[in-house]
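Numbering of ligands and ligand atoms starts at 1, following listing order.
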Amino acid sequence: MTFQNKTVWITGASSGIGQALAEQFAAQGANVILTARRKERLDTILAGLAPGKHRIVPLDLSQPERLLQDLPSILDEIGRVDILINNAGISQRSLFLENEFKVYRQLMEVNYFGLVAMTKAVLPRMIEAGGGSVVSISSVAGKVGSKLRTGYSGSKYAVVGFMDCLRAEVSEYGIHCLTICPGSVRTAIAHHSLNGQGVAQNKPEPSIENGMDPDEAAKQMLKAIAARKDEVVIGQGISGWAPTIKRFFPQLFNLMTAKMSYR
Ligand SMILES: NC(=O)c1ccc[n+]([C@@H]2O[C@H](COP(=O)([O-])OP(=O)(O)OC[C@H]3O[C@@H](n4cnc5c(N)ncnc54)[C@H](OP(=O)(O)O)[C@@H]3O)[C@@H](O)[C@H]2O)c1
């Protein structure tokens with residue numbers, strides 16, 4: 001599959017993995033639509049993309065009902081979308097016993113309901129147009145659990161389940177559904193991760209700082225999209241191996257995560 005002249009809509013394109021995806025799709029001749037909240041960052045990234053019919057569509061995915069109202073007219077303007085990449089997301093670093101309940105809603109609104117709303121608006125038009133790809137970025141945390149991530153993991157497991165069911169329902173319309181589960185990737189995700197009060201912790205984290213280069217992660221993602229894979233884990237070291245270890249040695253894995261120190 002070539003991405004030349006394909007229209008690719010990427011959420012969470014103002015930073016990290018989404019930015020790297022936008023740059024690589026543009027370099028391969030795609031027309032990229034960049035979505036996130038920070039318009040000025042989207043403008044800067046747009047200005048640096050290889051030539052193409054790119055555009056920004058600033059949106060807040062934490063308000064899915066509003067999205068459902070606004071997206072039809074936005075889609076009328078955009079026209080055909082060949083690939084939707086549901087990448088926007090926020091993480092969490094806080095213990096269940098210390099979390100305010102609202103943290104769970106904040107995570108689900110963006111990571112799950114925002115993603116469902118985007119898909120709800122885009123997918124029927126893809127089917128009408130005769131095909132396309134829906135790609136959702138879950139996480140290794142959507143395959144295995146660990147401390148400090150009850151809300152984040154819950155939202156990312158939900159994405160895996162949603163995508164598995166969607167794939168079963170829409171493959172007959174020529175729609176490809178890919179779930180990507182990255183391990184640690186070197187982005188701003190730790191800075192943006194919520195604490196127990198639902199506020200960004202705004203500090204770095206060694207596992208993320210030492211994670212995979214976002215350009216390398218994006219390269220592997222484009223390869224998986226082109227190969228029309230159903231689900232891929234993309235990660236290096238333990239963060240890439242964790243789902244396999246959990247699958248074959250679940251008790252050992254659970255013991256290891258329970259013993260892991262977190263502060
Ligand atoms: N980095 C990792 O280690 C890792 C591992 C596994 C999975 N992931 C997943 O990969 C995806 C991208 O994360 P990243 O690592 O690139 O982190 P990042 O650098 O923090 O990027 C997150 C992106 O999501 C957007 N976003 C957050 N809240 C939003 C909202 N309410 N509405 C619209 N956009 C919103 C942000 O844009 P604005 O702030 O401008 O809105 C930003 O563009 C996420 O789904 C994350 O869970 C990352």
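Under a 4.0 Å heavy-atom criterion, Ala217 is not in contact with ligand 1. Distances from ligand 1 to the non-hydrogen atoms of Thr11 include no value under 4.0 Å. Residue contacts with ligand 1: Lys156 is included, with a non-hydrogen atom under 4.0 Å away. For Ala141, the heavy-atom gap to ligand 1 stays at 4.0 angstrom or more.
The N/O atoms of Ile17, backbone and side chain alike, include one that comes under 3.5 Å of an N/O atom in ligand 1. Below 3.5 Å of separation, one finds an N or O of Gly12 facing an N or O of ligand 1.
The protein heavy-atom contact nearest to atom 18 (P) of ligand 1 is Ser15 OG, 3.5 Å. In this structure, atom 15 (O) of ligand 1 lies nearest to the protein heavy atom Thr187 OG1, 2.6 Å. Scanning all protein heavy atoms for the shortest distance to atom 48 (C) of ligand 1 gives Ile189 CD1, 3.5 Å. Of the protein's non-hydrogen atoms, Gly89 O, 3.6 Å is the one closest to atom 22 (C) of ligand 1. Summary of contacts: the protein heavy atom closest to atom 43 (O) of ligand 1 is Ser14 OG, 2.7 Å. Scanning the protein heavy atoms around atom 29 (C) of ligand 1, the nearest turns out to be Arg37 NE, 3.5 Å. Nearest non-hydrogen protein atom to atom 44 (C) of ligand 1 is Asn87 O, 3.1 Å.
A continuous path of Ile, Leu, Val, Met, Phe, Trp and Tyr side chains, each step under 4.5 Å between heavy atoms, connects Leu115 with Val170, placing both in one hydrophobic cluster. Linking Ile, Leu, Val, Met, Phe, Trp and Tyr residues whenever their side-chain heavy atoms come within less than 4.5 Å places Leu67 and Tyr112 in a single cluster. In the hydrophobic clustering of ILVMFWY residues, with side-chain heavy atoms under 4.5 Å counting as a link, Leu75 and Val135 come out apart. The hydrophobic cluster containing Ile175 does not contain Ile83, counting ILVMFWY residues as joined when their side-chain heavy atoms lie under 4.5 angstrom apart, directly or transitively.
The number of heavy-atom neighbours closer than 6.0 Å to CD of Gln4, taken from other residues, nucleotides and ligands shown, is above 12. In this structure, Arg80 places its CZ atom where more than 12 heavy-atom neighbours from other residues, nucleotides or ligands lie under 6.0 Å away. The 12-atom threshold is not exceeded at NZ of Lys229, counting heavy atoms of other residues, nucleotides or ligands nearer than 6.0 Å.
Judged by distance alone, the side chain of Ser239 and the main-chain N or O of Gln236 form a donor-acceptor pair under 3.5 Å. Looking only at distances, no side-chain donor or acceptor of Asn86 sits under 3.5 Å from a matching main-chain atom of Ser136.
Near Ala13, the atoms of ligand 1 lying under 4.0 angstrom from a non-hydrogen atom of the residue are 43 (O). Shown in contact with His192 at under 4.0 Å from a heavy atom are these atoms of ligand 1, numbered in order with element: 18 (P), 20 (O). Residue Ser184 has at least one heavy-atom neighbour below 4.0 Å for each of these atoms of ligand 1: 3 (O). Counting atoms of ligand 1 from 1 in the listed order, those under 4.0 Å from a heavy atom of Ser62 are 31 (N). Near Ile208, meaning under 4.0 Å from any of its heavy atoms, are these atoms of ligand 1: 3 (O). Remark: ligand 1 atoms within the under-4.0 Å shell around heavy atoms of Tyr152 are 6 (C), 7 (C), 8 (N), 9 (C), 46 (C), 47 (O). For ligand 1 and Arg38, the ligand atoms under 4.0 Å from any heavy atom of the residue are 37 (O), 38 (P), 39 (O), 40 (O). Every atom of ligand 1 is numbered from 1 in the order shown, and the set under 4.0 Å from a heavy atom of Leu61 is 30 (C), 31 (N), 32 (N), 33 (C).
Contacts between Ser138 and ligand 1, counted as non-hydrogen atom pairs separated by less than 4.0 Å, involve the backbone only. For Val185, heavy-atom contacts with ligand 1 shorter than 4.0 Å involve the backbone as well as the side chain.
Checked for salt-bridge contact, Glu205 and Arg93 meet the test: a charged N lies under 4.0 Å from a carboxylate O. Between Arg38 and Asp60 there is no salt bridge, since no side-chain N of the basic residue sits under 4.0 Å from a carboxylate O of the acidic one. Note on Glu77 versus Arg55: salt bridge recorded, some NZ/NE/NH1/NH2 to OD/OE distance being below 4.0 Å. Comment: Asp70 engages Arg66 in a salt bridge, judged by a side-chain N to carboxylate O separation of less than 4.0 angstrom.
Using a 4.5 Å cut-off on side-chain heavy atoms (C-beta onward), Asn254 and Lys246 make contact.
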